[in-house]
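Data block below; observations after.
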Amino acid sequence: MKPTYQERIWQVIHAIPAGKVSTYGAVATMAGLPRQARAVGRCLSQLPGDSKIPWHRVINAQGKISFPLESERFCRQKNLLEEELIIFSNNRVNLKQFLWRPG
DNA sequence: AAAGTGACCGATT
DNA sequence: GAATCGGCCACTT
């Protein structure tokens, strides 16, 4: 069976190791959907709460969490990342240090 | 049918 | 750094 784009997006996100992050745009490109960062965000927005997908390792290209500051979801994602020893400075992750690059 | 919206991005000014 | 712009596209008004 030819994989759905949604499935390929999940597969890419699954491949992000703990302690690293990726961005919506990078995930889109790796899933074969260049310039479709929004498709990734859309995809994640539809995930059930009990999903095993490491959705928290996906942040935006500025190194920031794409939820309103101090919102419930913002804090949940930040906590999950800090548990993986990812450092925030000014609510921002240093992508030079934490961005996952395959290869 | 048309306009607005959103877990976005890169290039440009 | 900040703001704008066009690209992108499913969904909701």
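Reckoned from all heavy atoms, side chains included, excluding hydrogens, waters and symmetry mates. Quick note on labels: first sequence line is chain A, next is B, and so on, each numbered from 1.
The separation between R42(A) atom CZ and dG4(B) atom P is 19 Å, rounded to whole Å. As rounded to whole Å, 13 Å separates atom P of dA7(B) from atom CH2 of W55(A). The CD1 atom of I53(A) sits 18 Å away from the P atom of dA7(B) (whole-angstrom rounding). Spacing between atom CG of L81(A) and atom P of dA7(B) amounts to 18 Å, rounded to whole angstrom units. With rounding to whole Å, Q36(A) atom CD is found 13 Å from dC9(B) atom P.
Side chain of R38(A), nearest nucleotide from dG6(B), dA7(B), dG10(B): dG6(B).
Nucleotides dA2(C) and dA7(B) have their C1' atoms positioned 22 Å apart, rounded to a whole Å. One P atom belongs to dA1(B), the other to dC8(C), and the distance between them is 22 Å to the nearest Å.
No path of Ile, Leu, Val, Met, Phe, Trp and Tyr side chains, each step under 4.5 Å between heavy atoms, connects L85(A) with L99(A), placing them in separate hydrophobic clusters.
Place R35(A) and Q46(A) on DNA chain C by their nearest nucleotides, and R35(A) ends up nearer the 5' end. Summary of the strand contacts: R92(A) and P34(A) both lie near DNA chain C, and taking for each the nucleotide with the nearest heavy atom, the more 5' one is attributed to R92(A).
Counting only distance, with no hydrogens or angles, the side chain of S89(A) and the backbone of R92(A) share no donor-acceptor pair below 3.5 Å. Side chain of S51(A) to backbone of P48(A): no donor-acceptor contact under 3.5 angstrom is found.
Applying side chain to side chain contact (heavy atoms under 4.5 Å, CB included) to I86(A) and the options L80(A), L81(A), I59(A) leaves one that passes, L81(A).
Heavy-atom minimum distance, A61(A) versus T23(A): CA-CG2, 4.0 Å. The heavy-atom pair separating M30(A) from S22(A) by the smallest distance is CE-OG, 3.7 Å.
Heavy-atom contacts of chain A under 4.0 Å fall on DNA chain C between two terminal nucleotides, which in 5' to 3' order are dG1(C) to dA10(C).
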